[in-house]
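Only a predicted model underlies this, so the values are computations on that prediction, with no experimental measurement involved.
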Amino acid sequence: MRFPSGAAEGDLTPVRPDHTRIHHLRRILLVLAGFCGLLGLIIEYGTYPGEWALNTARGLSTLAVLLFLIEQVFSWRHLGTFRRYLKERWPTFALSVLLILESLALLVGRETLWLNSLLGQLSLGSITRAYLIIIQIYIVSVFAVELPHLHSSFARQRIRPAVAFVLVFVLLIVLGTGLLMLPRSTPEGQPIAVLDAAFTATSAVCVTGLVVRDTGTGFTTFGQTVILVLIQMGGLGIMSLTAALALLLGRGIGVRESSLLREVFQVPMLNEVGRMIRFIILMTLVLEGVGAFAIYTGLSGVMEPGSARLFAAIFHAISAFCNAGFSTFSDSLVLMTGQPLVMAAITGLLVIGGLGFGVVAQILAWMRGRMIGQHGRDYRMGLHGRTVLIVSGILLAVGTVLILALEWNQSLSGESFWAKWGQAFFQSATCRTAGFNSMDLTRLSPASMFVMIILMFIGGAPGSTAGGVKVTAVAIVWANLRSISRGLTKVRLGRRELEAVHVQRAMLVLSAGLVLAVIALFILLITEGQPFLDTAFEVFSALGTVGLTLGVTPLLSPVGRIVIMLLMFVGRLGPLTMASSLTGAVRDPKVHLPKGRIMIG
């Protein structure tokens, strides 16, 4: 007896040879359907197709749907009984039924007037075309889940998490670059260069927000949607989204995938991975939905009701929660300072996004424990959560006070008392990887810029959508310095002793970040010829995946753009992850050398 290599955790049902062949055939059908669906979508909605190309695209779309329905028949046979199929594949069954009913309705001419009117306003033409778009997107999603399992040799590869992160982000950037170069991604007569498309895709995937082309005017709605999808994937992590799709589609997460994701989320047990994935997706949908509603309401005095206003609300909600800093407004949020609901929603989203999913889960558990009167281990704030909240609170407060004091009679001189506090607080929050700006940063004093550089370098919390060296690394380094000054041999933080490996990693992240910043700053000072402070601001903004700029980004040379792209990439993945992907697993040396002494200080 054999067991399927991609079997869900805990599924020990033996697999017969005919079931194995059916399972492999299903995956081939799904991959073909996904490829046809993706190609059809790209031709029809990413280009300006002629009649022949349009017919080809629609033929590919129809073929994708037919292959999908055939796969469902094989899936029913593979699972044995219709009851089990319905239990495990109910989302795909529901879509299949709707597709069949839609086809029958089209044959007998029962399309309703109000649906036709709605779809006509959306420029989709007919109910069938609208449904084909939905089903194609669904099939492409299944294609993303099943493709890595198609070839058995690939499925058996033991890829380290660090290497997997790097490969996935590189593939996503390449895909995003290709999509942004499609004719419909940019206005007619304004094609985008390969390097600019790659820069934009890297900035979106790495949730940075630095742009060489204005997002609002340099891209069409299709191009902005591509950027938005890249932001969401880069912010939550493509591996998290793929695992969530697998759960949603009833396909489960294999033991290999669970082991990989366990290292991603740092959860002790394999069976907690699925629960964490569900929490992340639910939290993301709820917060982004509430944020989009608040922003849509707050834009009432700026934009007319309609699809453009709704898209702007959704775009900024996702961009804020993912700490991306992209905006469809050419001046970012400068004109939004008079809209308190918009600013409050964006500030709340970027602060929560910068805390991390694990910390938010601990906060909710702590609150639940207080409500029901429980104080056990499951309802306490752990050391990580307490450290993140304390350090984040200190940085927000100190940054606000410093910017307020330095700019009170400078760039904030024309603002009211509460507006000054609001501007200072927002800039303190956003420069810790969010990247939105509500004021002209070129008017800031050099001292304020230096404060913002420090905040950008520190960033947010591990496991969040934020970048930087992370608040926990700074806390550990501070605890290490305090222990050394007190003559202690152990590092203590929050009434706990830290393991030596954690202290070493914190020092590595901090020192590696500084070294990278110095090297990049040196190169850009040679190639760009911009003022030192402006260049340093750009470097730390890219490394911290912040997205704030003093106007240097659009002026970057090709070499400068490549340097900033590399900084954004390393900043999103982290120096430690990059080092792990290059050096391999940690191991003790086989040969121990004599100890030596070097004078210090």
Side-chain angles (χ1 to χ4, degrees), residues 162 166 206-208 210 323 354 387-388 391-392 394-395 398-399 402 431-433 435 446-462 464 466-485 491 493 498 500-528 530-550 552 559-560 562-583 598 600-601:
V166 173
C206 299
V207 290
T208 304
L210 292 174
N323 279 223
T387 302
V388 168
V391 178
S392 298
I394 291 173
L395 291 175
V398 172
L402 287 177
C431 65
R432 291 182 52 238
T433 83
S448 296
M449 293 181 186
F450 182 70
V451 170
M452 295 179 70
I453 286 175
I454 295 175
L455 293 176
M456 289 191 295
F457 180 67
I458 295 174
S464 70
V469 297
K470 305 299 188 292
V471 294
T472 49
V474 173
I476 292 174
V477 171
W478 169 258
N480 185 37
L481 295 175
R482 187 179 59 181
S483 298
I484 293 173
S485 65
V491 180
L493 180 65
L498 301 179
V501 65
H502 292 157
V503 180
Q504 292 172 358
R505 287 178 177 177
M507 296 297 295
L508 172 62
V509 169
L510 209 65
S511 57
L514 286 173
V515 169
L516 285 173
V518 169
I519 294 174
L521 178 58
F522 179 73
I523 295 174
L524 292 181
L525 287 174
I526 295 175
T527 61
E528 305 309 312
Q530 297 292 332
F532 178 84
L533 189 58
D534 293 7
T535 308
F537 195 94
E538 190 83 6
V539 166
F540 282 96
S541 177
L543 184 61
T545 67
V546 179
L548 296 176
T549 182
L550 298 176
V552 175
V559 174
I562 293 173
V563 170
I564 294 298
M565 287 167 60
L566 292 174
L567 283 176
M568 291 189 293
F569 189 78
V570 175
R572 179 66 183 102
L573 292 175
L576 192 61
T577 300
M578 291 297 299
S580 299
S581 67
L582 296 174
T583 60
I598 298 178
I600 301 174

For residues 468-478, tabulate all N or O donor-acceptor pairs below 3.5 Å that involve a side-chain atom, not counting sequence neighbours.
{"unit_1": "Lys470", "atom_1": "NZ", "unit_2": "Gly468", "atom_2": "O", "d": "3.2"}

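- Judged by distance alone, the side chain of Ser541 and the main-chain N or O of Gly547 form a donor-acceptor pair under 3.5 Å.
- Remark: side-chain polar atoms of Ser483 are not paired, donor with acceptor, to backbone N or O of Leu481 under 3.5 angstrom.
- Counting heavy atoms from C-beta on, the side chains of Phe457 and Leu510 come closer than 4.5 Å.
- Taking Ile453 as the reference, Met456, Leu533, Ala536, Phe537, Phe540 meet the side chain to side chain contact (heavy atoms under 4.5 Å, CB included) condition, with sequence neighbours excluded.
- Asn480 meets the side chain to side chain contact (heavy atoms under 4.5 Å, CB included) test with Ile484, Val491, Val503, Met507; sequence neighbours excluded.
- Listed by first then second residue, pairs satisfying side-chain hydrogen bond (donor to acceptor under 3.5 Å, both in side chains) with a partner in residues 512-528 read Glu528-Ser557, not counting sequence neighbours.
- The side chain to side chain contact (heavy atoms under 4.5 Å, CB included) check on Ala466 picks up Asn323, Thr433, Ser464, with sequence neighbours excluded.
- Residues Gly399 and Leu455 come closest through the heavy atom pair CA-CD1, 4.1 Å.
- Rounding to the nearest 0.5 Å places OG1 of Thr549 at 6.0 Å from CG of Leu210.
- Between Ile564 and Glu538, some side-chain heavy-atom pair lies under the 4.5 Å cut-off.
- Taking the side chain as every heavy atom from C-beta outward, Met568 and Val207 never approach each other to under 4.5 Å.
- Side-chain contact annotation: Thr535 with Gln530, donor-acceptor N/O pair under 3.5 Å absent.
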Side-chain polar contacts of residues 512-523 - donor-acceptor pairs under 3.5 angstrom, sequence neighbours left out - could you list them?
none

